[in-house]
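See structure below.
When a ligand or atom number is given, it counts from 1 through the structure's own listing order.
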Amino acid sequence: MDCIFCKIIAGEIPSNKVYEDDRVLAFRDINPQTPVHILVIPKQHIASVDEVNADNSDVVAHIFTMIPKIAKEAGLTNGYRVITNCGDDACQSVKHLHFHIMGGRKLPENMG
Ligand code: 5GP
Ligand code: ZN
């Protein structure tokens, strides 16, 4: 499968990892939009939020238990934003489910 994040998981493309376990990988975004910009992804290929279902939602729940720990470890002690883009209108560019952890400065109120 021609998926850039699956290649990162496989180690075929290098990444700046900040957290890894058997089900989840977190790494720095290559083009950070905020002082701290981390991507958290499931190791299994799920294309987007549209593909989350009762059979694979455990890993999503697990991701959300890890996000606060990853954020704290990255120094985000004054809050952060968690974003996932789904589909064309949201400008999802990588079709592998990922959660952006963004922070390190005051973020704009406007979400779009
Ligand atoms: P999306 O627009 O799909 O929500 O976000 C995709 C994100 O993946 C973008 O913020 C982009 O900078 C990041 N990205 C794309 N390719 C790579 C890569 O090869 N390595 C890393 N670390 N981030 C990537
Ligand atoms: Zn993938």
Side-chain angles (χ1 to χ4, degrees):
M1 189 187 300
D2 195 25
C3 171
I4 196 161
F5 286 177
C6 282
K7 287 179 180 165
I8 285 175
I9 291 160
E12 293 165 16
I13 295 173
S15 69
N16 193 341
K17 289 179 195 175
V18 297
Y19 175 77
E20 182 172 20
D21 65 28
D22 57 329
R23 286 179 287 168
V24 166
L25 180 66
F27 52 97
R28 305 271 176 186
D29 196 292
I30 203 168
N31 182 26
Q33 305 293 310
T34 48
V36 175
H37 188 169
I38 293 166
L39 302 174
V40 189
I41 67 175
K43 287 192 170 177
Q44 70 186 100
H45 182 87
I46 301 171
S48 75
V49 169
D50 271 345
E51 304 299 320
V52 175
N53 57 46
D55 292 330
N56 63 23
S57 61
D58 280 8
V59 72
V60 179
H62 177 57
I63 283 172
F64 272 84
T65 69
M66 295 317 303
I67 282 174
K69 302 181 202 305
I70 293 165
K72 190 176 178 192
E73 186 71 22
L76 297 175
T77 56
N78 199 43
Y80 54 90
R81 190 166 280 165
V82 180
I83 294 172
T84 185
N85 294 316
C86 180
D88 287 346
D89 276 3
C91 301
Q92 181 184 4
S93 61
V94 178
K95 309 303 192 229
H96 182 127
L97 181 65
H98 53 282
F99 297 91
H100 300 253
I101 302 176
M102 306 181 76
R105 63 166 162 78
K106 188 77 171 177
L107 301 173
E109 280 186 42
N110 192 318
M111 292 285 288

*Give a yes/no verdict on whether any heavy atom in Gln33 is under 4.0 Å from an atom of ligand 1.*
no
_So does Asp21 get a backbone contact from the side chain of Lys43, meaning a donor-acceptor N/O pair under 3.5 Å?_
yes
*Heavy atom of the protein closest to atom 17 (C) of ligand 1 (residue, atom name, distance)*: Ile30 CG2, 3.8 Å
*Is there a donor-acceptor pair closer than 3.5 Å between any side-chain N or O of Asn53 and the backbone N or O of Asn56?*
yes
*asked:* Are the side chains of Phe5 and Leu39 in contact, using a 4.5 Å heavy-atom criterion?
replied: yes
_Those atoms of ligand 1 less than 4.0 Å from some heavy atom in Gln92_ = 3 (O)
*Atoms in ligand 1 with a heavy atom of Phe5 nearer than 4.0 Å*: 8 (O)
_Atom CG of residue position Asp2 - does it have more than 12 heavy atoms of other residues, nucleotides or ligands inside 6.0 Å?_
no
*Any chance you could measure Leu97, atom CG, to Thr84, atom OG1, to the nearest 0.5 Å?*
5.0 Å
*Any link between Tyr80 and Ile63 through a network of hydrophobic side chains (Ile, Leu, Val, Met, Phe, Trp, Tyr) touching at under 4.5 Å?*
yes
_Before moving on, can you tell me the angle at the Zn ion (ligand 2) between the SG atom of Cys6 and the ND1 atom of His96, to the nearest 10 degrees?_
110°
*asked:* When you group the ILVMFWY residues by side-chain heavy-atom contacts below 4.5 Å and let the links chain together, are Phe99 and Val36 in the same group?
replied: yes
*Hey, could you give me the SG/CD distance between Cys86 and Glu51, rounded to the nearest 0.5 Å?*
8.5 Å
*When you measure from atom 22 (N) of ligand 1 to every protein heavy atom, which one gives the shortest distance, and what is it?*
Arg28 O, 2.9 Å
*May I ask you to identify the nearest protein heavy atom to atom 15 (C) of ligand 1, giving residue, atom name and distance to one decimal place in Å?*
Val94 CG2, 4.1 Å
_ligand 1 versus Cys91: contacting region, heavy-atom distance under 4.0 Å_ = backbone
*asked:* Heavy-atom pairs closer than 4.0 Å: do any link ligand 1 to the side chain of Ile83, the backbone, both, or neither?
replied: neither
*With a cut-off of 4.0 Å, which atoms of ligand 1 are near a heavy atom of Phe27?*
21 (C), 22 (N)
*Is it true that His96 and His98 have ring centroids separated by less than 6.0 Å?*
no
*asked:* Using a 4.0 Å cutoff against the non-hydrogen atoms of Ser93, which atoms of ligand 1 qualify?
replied: 1 (P), 2 (O), 3 (O), 5 (O), 6 (C)
*asked:* With side chain to side chain contact (heavy atoms under 4.5 Å, CB included) as the criterion, how do Glu73 and Val18 come out once you've worked through the C-alpha distance, each side chain's angles and the decisive distance to 0.1 Å?
replied: CA-CA 9 Å; Glu73 186 71 22; Val18 297; over 6 Å; no
*asked:* Taking a cutoff of less than 4.0 Å between a non-hydrogen atom of the residue and any ligand atom, is His98 in contact with ligand 1?
replied: yes
*What distance separates Arg28 CZ from Ser15 OG, expressed to the nearest 0.5 Å?*
11.5 Å
_Show the atoms of ligand 1 that are less than 4.0 angstrom away from any heavy atom in Asn31._
12 (O)
_Could you walk me through whether Thr34 and His100 satisfy the side chain to side chain contact (heavy atoms under 4.5 Å, CB included) test, starting with their C-alpha distance in whole Å, then the side-chain angles of each, then the deciding distance to 0.1 Å, before giving a yes or no?_
CA-CA 11 Å; Thr34 48; His100 300 253; over 6 Å; no
_One residue to check: Asn16. Relative to ligand 1, which of side chain, backbone, both or neither has a non-hydrogen atom less than 4.0 Å away?_
neither
*Measure the distance from atom 7 (C) of ligand 1 to every protein heavy atom, then report the residue, atom name and distance (to 0.1 Å) of the closest one.*
Asp29 OD2, 3.5 Å
_Taking atom 16 (N) of ligand 1 as the reference point, the nearest protein heavy atom with its distance_ = Ile4 CD1, 4.0 Å
*For Thr84 and ligand 1, answer yes if some heavy atom of the residue is under 4.0 Å from a ligand atom, otherwise no.*
no
_contact_flag Ser15 ligand 1 heavy-atom lt 4.0 Å_ = no
*asked:* Looking only at N, O or S atoms, which one in His45 sits nearest to the Zn ion (ligand 2)?
replied: ND1
